Amino acid sequence: MNKYETLKNYFGYDSFREGQEHLIDAILSGRDVLGIMPTGAGKSLCYQVPALMLPGITLVISPLISLMKDQVQALNQAGVHAAYLNSSLTERQMTKALQLAAQGQYRIIYVAPERLETWEFLDFASKVTISMVTVDEAHCISQWGQDFRPSYLKIVTFIRRLPKRPVVSAFTATATETVKNDICEVLQLKRPKVLVTGFDRRNLYFGVETPPSKDAFTMDYIRQHGRDSGIIYCATRKNVDQLYEKLRKKKVPVTRYHAGLSAQERQGSQDDFIYDRKPVMVATNAFGMGIDKSDVRYVIHYNMPQSLENYYQEAGRAGRDGEPAECILLFSAQDIMIAKFLIENREDNPDLDSREAEKILARDEERLRAMSYYCMTQECLRRYILNYFGEEMKEDCGNCSCCQKDYEKEDVTAAAVSVIECIRQCRGRFGINVIAGTLSGANRAKLREYGMEELPSFGVLKNLSEGGIKEIIQQMLVMGYLIASSDRYALIRTTKEADEIMDGRQRISVRKLKKNHSEEKIHRHTHAADSLTGRGTELFEILRGLRTELAKEAGVPPYMIFSDKTLTDMCVRQPLNRAEMLEVSGVGENKYERFGEQFMDKITRFSKGGKEKMYRD
Ligand code: ADP
Ligand code: MG
């Protein structure tokens, strides 16, 4: 089988995505490769396709048990013999698996890096032909990456011990120079073909919202997205627990995940989510790595993360299947303070001396600043992100909240002057709520108690809303005219740069929706099935039901049977025979043999053997 036949036969796809073919060709010609592609770009296929074409066994080193399980299940569903070797197996299972492997039962074997040193494994590896060693999530090898795994350093010793050096391929979504060089050096890649694809994820919509109530927004959003899978990231465990309880009381099928839960609870939550029993996940950033669920239709950030690096990685878990999905960040005045607090109060890394620690703190503050600007910019959000990662974008994307909403710049320098005066009158004793309340002349017991009504600044901005005033203060904080204390009170002072505003050398503006802006113009898709007609959606739901049943029987998550995209394509084409079914994107030989007839049966019954037009133009 050539590479196209392999792609179609096992995975059901007709064409390669950007970069895949180059990497596959290089591997097949015997060259080492390093593939750097964003989350969801399809890195797995880059080694799975050649693994099925090379003569011997491919070993895939992967950092997490859940990742291995997910990949092996998906391969088995596609009719590929694959297995994993890690600490989740009993000794007997391990021996058995190695026996089968030695007999050549598996083309692809996933293995935890710790295993590579064990005597049994080395013995096995020296007896069989290993054509390729693949290092997935290869950034784990770098001490500078976010997820350094010391055990990854063992990989290279292992490769050296093999009787014949196999092709070595490495994959990651982390694109920094340091990490890239580390991977090439530590793994001792030989003249590798390094391929970096663009970081744009076109199917993702990016949005920043500042709703009056984040809870109400989230609730509404979930309601509007029916049974779709979504992740809601919160900054702290406490936030997760609170939101989780609220949603649960409203009967949302929700689960939660954070480091404060027991390992067993976490496993349970993760499974509920992956198997679609609870399609909504509320979690801290502890959740995510190792989740390859491809049909996550939205990722909401309930709080602003600490950097765009984090944001893009977390948001990128939406829409891995390439179908439309949404990434929405709910921004509020407190978020910058929370993030700042978390950065300044995290545990010190004992391996760093004080100079290094200071350097990292400064770097993280810079990252936080860039993240904050993202929440306030009126430019195309996608361009902002890609620029940050060093890519140019010529035209606005048209698929982000800034492109779709009519924002305009509003000069707020006069108000900023009032803010500075007020803060100076308070001598830095108060936080954003008291200051905004004072300026707007709010009628609150607290303000009276503090004697704010006596200040000359009281009520001078009463023509603005408190929210509007907070936005201006936020902007000034980000631009460095104001500074907040890093304790939990976040008391605000002015900096010496504030004088530049007072004497008119600097101006400040914020973004504002244009008066004639109407939400109706905004038309977004988050669902593969959104392009279907009413009848089409009916059929989609029938097929989705069948998928759930089959997944239960097979003991795998539904998305591993067929993706939403495949089901949608079935609705559009309404295949009536084998040849037509095999034309559907995501239907390969093996899946056809196992599930094809049952899906065709439902389709025939629904459309009575005819073909209707089921998609909207
Ligand atoms: P990554 O590891 O880069 O984050 P994955 O390998 O998990 O991404 O792939 C993401 C999704 O894209 C999977 O559902 C996979 O089946 C799908 N995919 C990969 N390559 C193709 C392709 N050529 N055509 C269609 N879908 C693809
Ligand atoms: Mg991957």
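We're numbering straight along the sequence, starting at 1. Please read all numbers here as calculations on a predicted model, not as lab measurements. Atoms within each ligand, like the ligands themselves, are counted from 1 in listed order.
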L45 heavy atoms, cut-off 4.0 Å: which ligand 1 atoms fall inside?
19 (C), 20 (N), 21 (C)
May I ask you to check whether Q71 has an N/O atom sitting below 3.5 Å from an N/O atom of ligand 1?
no
Which of these, S563, C46, G40, has its nearest heavy atom closest to atom 1 (P) of ligand 1?
G40
Run the contact test for M37 against ligand 1 with a 4.0 Å cut-off on heavy atoms, strictly below, and give the result.
no
For atom 17 (C) of ligand 1, find the nearest protein heavy atom and state the residue, atom name and distance (0.1 Å precision).
R17 NH2, 3.6 Å
If we ignore hydrogens and angles and just use 3.5 Å, is the side chain of E5 paired with the main-chain N or O of N2 as donor and acceptor?
yes
Test your reading of the model: is there a side-chain donor-acceptor pair from T118 to the backbone of E114, 3.5 Å cut-off?
no
Using every non-hydrogen atom in the two residues, find where D295 and D321 come nearest and quote the distance to one decimal.
CA-OD2, 3.7 Å
Regarding ligand 1, does K43 bring an N or O atom to under 3.5 Å of one of the ligand's N or O atoms?
yes
Numbered atoms and elements of ligand 1 in range of S44, under 4.0 angstrom, heavy atoms:
2 (O), 5 (P), 6 (O), 7 (O)
I need the atoms of ligand 1 closer than 4.0 Å to a non-hydrogen atom of S15, numbered in the order shown.
22 (C), 23 (N), 24 (N)
Within the structure, does R320 bring an N/O atom to less than 3.5 angstrom of an N/O atom in ligand 1?
yes
In Y559, Y257, F287, the residue satisfying ring pair (Phe, Tyr, Trp, His ring centres under 6.0 Å) with F273 is F287
Among all protein heavy atoms, pick out the one at the shortest distance from atom 9 (O) of ligand 1; state its residue, atom name and that distance to 0.1 Å.
G42 CA, 3.4 Å
Numbered in order shown, the ligand 1 atoms found under 4.0 Å of a heavy atom of S294 are 14 (O)
Parallel, tilted or perpendicular for F599 and F595, by the 30°/60° rule?
perpendicular
Measure the distance from atom 16 (O) of ligand 1 to every protein heavy atom, then report the residue, atom name and distance (to 0.1 Å) of the closest one.
Y13 OH, 2.8 Å
Ring-plane angle category for Y311 and Y374, please: parallel below 30°, perpendicular beyond 60°, tilted otherwise.
tilted
What are the atoms of ligand 1, with element, lying closer than 4.0 Å to any heavy atom of P38?
3 (O)
Can any side-chain N or O of D32 pair as donor or acceptor with the backbone N or O of V168 at less than 3.5 Å?
yes
Under 4.0 Å from one or more heavy atoms of F16, ligand 1 contributes atoms 23 (N)
Donor + acceptor pair across side chains of K565, S585 (<3.5 Å):
no
Please report whether ligand 1 has a polar contact with L7, defined as an N or O pair separated by less than 3.5 Å (distance criterion only).
no
If you measure from the Lys or Arg side-chain nitrogens to the Asp or Glu carboxylate oxygens, is any gap between E580 and K611 under 4.0 Å?
yes
Mark yes or no for whether R115, through its side chain, and L85, through its backbone, hold a donor-acceptor pair below 3.5 Å.
no
